[in-house]
Amino acid sequence: IDNFLNDCYFDEEDVEFLEAIGHQIAISIVNARAFFEKQNQANQLEKILSYHNQLNQAALKENALQSIIKCLGGLIKGRIYYFDSLLRFECSCSGGGEKLELLSAWLSKQDKYKMNATDLYPIRIDTEPYGYVLSIESSFGTAGYLVVEMKDQKIDTVKELVVKHAVSLIAMERLKFQEQTKHAMEEKGAILKELLNHNLTADVQRSLIRYEMPITGKYCFLSVTNNRMNSGDVLEMIMLENELARLYGENHSAMTFLQEKSILVLINIKDTITNPKEEIQSLSKRLLARFPDHLVKTGRIVRSLQHVSIS
């Protein structure tokens with residue numbers, strides 16, 4: 001504040017006047033800051049609710065997981081990747097290419113307990129910031145990992161809350177999938193019990209036909225185990241079961257059964273295969289190339305479900 005009225009110093013009246021104005025100015029500044037802060041918070045809240053509603057709508061679509069990932073990527077303007085509990089890439093909102101191998105390798109080296117925290121865990125590849133990861137937790141354990149690629153920008157409060165909401169929606173979607181899988185496991189467990197007791201009633205046969213398992217065919221049981229396999233790790237068991245069903249079911253009919261410390265696979269080998277034993281060994285080698293720490297035991301091949309056994 002300068003004095004334009006005269007060349008003298010301020011007097012006591014000037015000081016009192018300036019003090020009074022100063023208090024009013026300070027109050028006005030504080031009020032203005034509070035107003036803009038509240039307005040900013042209201043705008044943030046409105047944006048968060050809008051983003052949450054868009055994610056909720058995406059979760060209702062047929063392919064919920066892919067829809068949520070795609071929607072999230074558009075909202076936060078970043079690339080999103082989803083890895084299952086075995087750290088295998090499942091889907092993204094854009095292509096990944098060689099980044100997927102880098103991310104998968106990085107994830108496999110991390111302490112899972114740290115990544116299982118409720119906060120976003122920072123990703124650094126070759127000492128450079130890459131983004132964040134957050135685990136997807138359900139009542140069955142860790143369902144997967146959501147990776148947010150954000151190299152050049154720091155994640156703000158709005159984006160962090162939106163990412164966490166997306167994670168909660170994915171967790172519910174995964175839980176729904178797991179409940180459906182659990183029901184299928186119980187149904188197949190009942191079928192296996194009747195099958196091994198050679199109790200092939202009309203109901204059992206109808207159930208087997210749904211899995212393309214008629215009475216006659218070339219049948220073989222396989223047992224897949226490893227030292228770490230535990231029925232308590234439901235998600236990992238389910239993931240492995242799906243991989244077995246995919247591998248052995250590519251050219252044949254395959255039915256999988258989760259056991260306490262193993263997974264049984266019943267295979268109906270195609271009639272066109274002249275050497276069934278060689279075919280089964282070839283498929284098992286492909287499996288072990290991907291899961292080298294597993295053990296595959298092959299049962300004898302029989303011509304009817306009435307003679308099938310775990311031996």
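Basis for what follows: all heavy atoms, side chains included, without hydrogens, waters or symmetry-related copies.
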Report summary line: Applying ring pair (Phe, Tyr, Trp, His ring centres under 6.0 Å) to Y211 and not counting sequence neighbours gives none
Query raised in the report: What heavy-atom pair brings P214 and L305 nearest, and what distance separates the two atoms?
Result: O-CD1, 3.2 Å
Report task. Could you tell me whether the side chain of F89 reaches within less than 4.5 Å of the side chain of S104, counting heavy atoms only? Result -> no
Query - Donor-acceptor pair, side chain of S284 and main chain of I280, under 3.5 angstrom - result: yes
**Report entry** Main-chain N/O of S92 paired to Q66 side chain as donor or acceptor, under 3.5 Å
**Finding:** yes
Query raised in the report: Between I123 and L107, does a side-chain contact (heavy atoms from CB on, under 4.5 Å) hold up when you go through it step by step?
Result: CA-CA 9 Å; I123 300 173; L107 288 168; 5.5 Å; no
Query raised in the report: Quick one: are H183 and E179 in side-chain contact, heavy atoms under 4.5 Å?
Result: no
Report task. Might you work through the salt bridge (charged side-chain N to carboxylate O under 4.0 Å, His left out) test for R246 and E243, ending with a clear yes or no? Result -> CA-CA 5 Å; R246 186 196 64 77; E243 185 64 24; 2.8 Å; yes
Query - Passing candidate, side-chain contact (heavy atoms from CB on, under 4.5 Å) with L244, options L283, I267, L287 - result: L287
Requested in this report: Examine M172 and I80 and state if one hydrophobic cluster contains both, with Ile, Leu, Val, Met, Phe, Trp and Tyr joined whenever side-chain heavy atoms are less than 4.5 Å apart.
Outcome: yes
Query raised in the report: Going through the distances and angles, do I191 and M255 end up as a side-chain contact (heavy atoms from CB on, under 4.5 Å)?
Result: CA-CA 11 Å; I191 294 172; M255 194 173 178; 3.9 Å; yes
Query - Non-hydrogen atoms of K270 and H252 that approach each other most closely - result: N-ND1, 3.1 Å
**Report entry** Student check: side-chain heavy atoms of V302 and R300 closer than 4.5 Å
**Finding:** yes
Report task. Indicate yes or no for a side-chain donor-acceptor contact from Q110 to the backbone of W106 under 3.5 Å, with no hydrogens or angles considered. Result -> yes
For residues 47-62, which side-chain N or O atoms pair as donor and acceptor with protein atoms under 3.5 Å away, sequence neighbours left out?
{"unit_1": "S50", "atom_1": "OG", "unit_2": "Q54", "atom_2": "NE2", "d": "3.4"}
{"unit_1": "N53", "atom_1": "ND2", "unit_2": "L49", "atom_2": "O", "d": "3.2"}
{"unit_1": "N56", "atom_1": "OD1", "unit_2": "H165", "atom_2": "NE2", "d": "2.9"}
{"unit_1": "N56", "atom_1": "ND2", "unit_2": "H52", "atom_2": "O", "d": "3.3"}

Requested in this report: Taking all non-hydrogen atoms of both residues into account, name the closest pair between S135 and V167 and its distance.
Outcome: O-CG1, 3.7 Å
Query raised in the report: Are side-chain heavy atoms of K218 and E279 found at a separation under 4.5 Å?
Result: no
Query raised in the report: Just wondering, do L288 and H294 contact through their side chains at under 4.5 Å, heavy atoms?
Result: yes
**Report entry** Q39 backbone acceptor or donor facing N43 side chain under 3.5 Å
**Finding:** yes
Query raised in the report: Is there side-chain contact between L192 and F221, with at least one heavy-atom pair below 4.5 Å?
Result: yes
Query - CD (E278) with more than 12 external heavy atoms under 6.0 Å - result: no
Report task. Please report the C-alpha distance between V147 and R79 in whole Å, then the side-chain angles of each, then the deciding distance to 0.1 Å, and finally whether the side-chain contact (heavy atoms from CB on, under 4.5 Å) criterion is met. Result -> CA-CA 8 Å; V147 173; R79 288 183 175 176; over 6 Å; no
Report task. Search all heavy atoms of L103 against all heavy atoms of I125 and return the closest pair with its distance. Result -> CD2-CD1, 4.2 Å
Requested in this report: Determine, step by step, whether T142 and E137 satisfy the side-chain contact (heavy atoms from CB on, under 4.5 Å) criterion, reporting the C-alpha distance in whole Å, the side-chain angles of both residues, the deciding distance to 0.1 Å, and the verdict.
Outcome: CA-CA 5 Å; T142 302; E137 300 296 324; 3.0 Å; yes
Query raised in the report: Minimum heavy-atom separation for E149 to Y130, with atom names?
Result: OE1-OH, 2.9 Å
Query raised in the report: Nearest heavy-atom pair of G299 and C220: which atoms, and what distance?
Result: O-SG, 3.3 Å
N/O donor to acceptor pairs below 3.5 angstrom from side-chain atoms of residues 195-208, sequence neighbours left out:
{"unit_1": "N197", "atom_1": "ND2", "unit_2": "K193", "atom_2": "O", "d": "3.1"}
{"unit_1": "H198", "atom_1": "ND1", "unit_2": "Q306", "atom_2": "O", "d": "2.8"}
{"unit_1": "N199", "atom_1": "ND2", "unit_2": "E194", "atom_2": "OE1", "d": "2.4"}
{"unit_1": "T201", "atom_1": "OG1", "unit_2": "V204", "atom_2": "N", "d": "3.3"}
{"unit_1": "D203", "atom_1": "OD1", "unit_2": "R206", "atom_2": "NH2", "d": "2.2"}
{"unit_1": "Q205", "atom_1": "NE2", "unit_2": "L200", "atom_2": "O", "d": "3.0"}
{"unit_1": "S207", "atom_1": "OG", "unit_2": "D203", "atom_2": "O", "d": "3.1"}

Query raised in the report: Less than 4.5 Å apart, any side-chain heavy atom of Y132 and any of E160?
Result: no
Report task. Decide if atom CD of E212 counts as having more than 12 heavy atoms of other residues, nucleotides or ligands within a radius under 6.0 Å. Result -> no
Query raised in the report: So, do L134 and V148 sit near enough that their side-chain heavy atoms are less than 4.5 Å apart?
Result: no
Requested in this report: Test E250 against R286 for salt bridge (charged side-chain N to carboxylate O under 4.0 Å, His left out), laying out the working first.
Outcome: CA-CA 12 Å; E250 277 182 354; R286 282 175 58 189; 3.2 Å; yes
Report task. Answer yes or no: is there a donor N or O on one side and an acceptor on the other, between the side chain of D126 and the main chain of E128, under 3.5 Å? Result -> no
**Report entry** Straight-line distance of L266 CG to S253 OG, nearest 0.5 Å
**Finding:** 9.5 Å
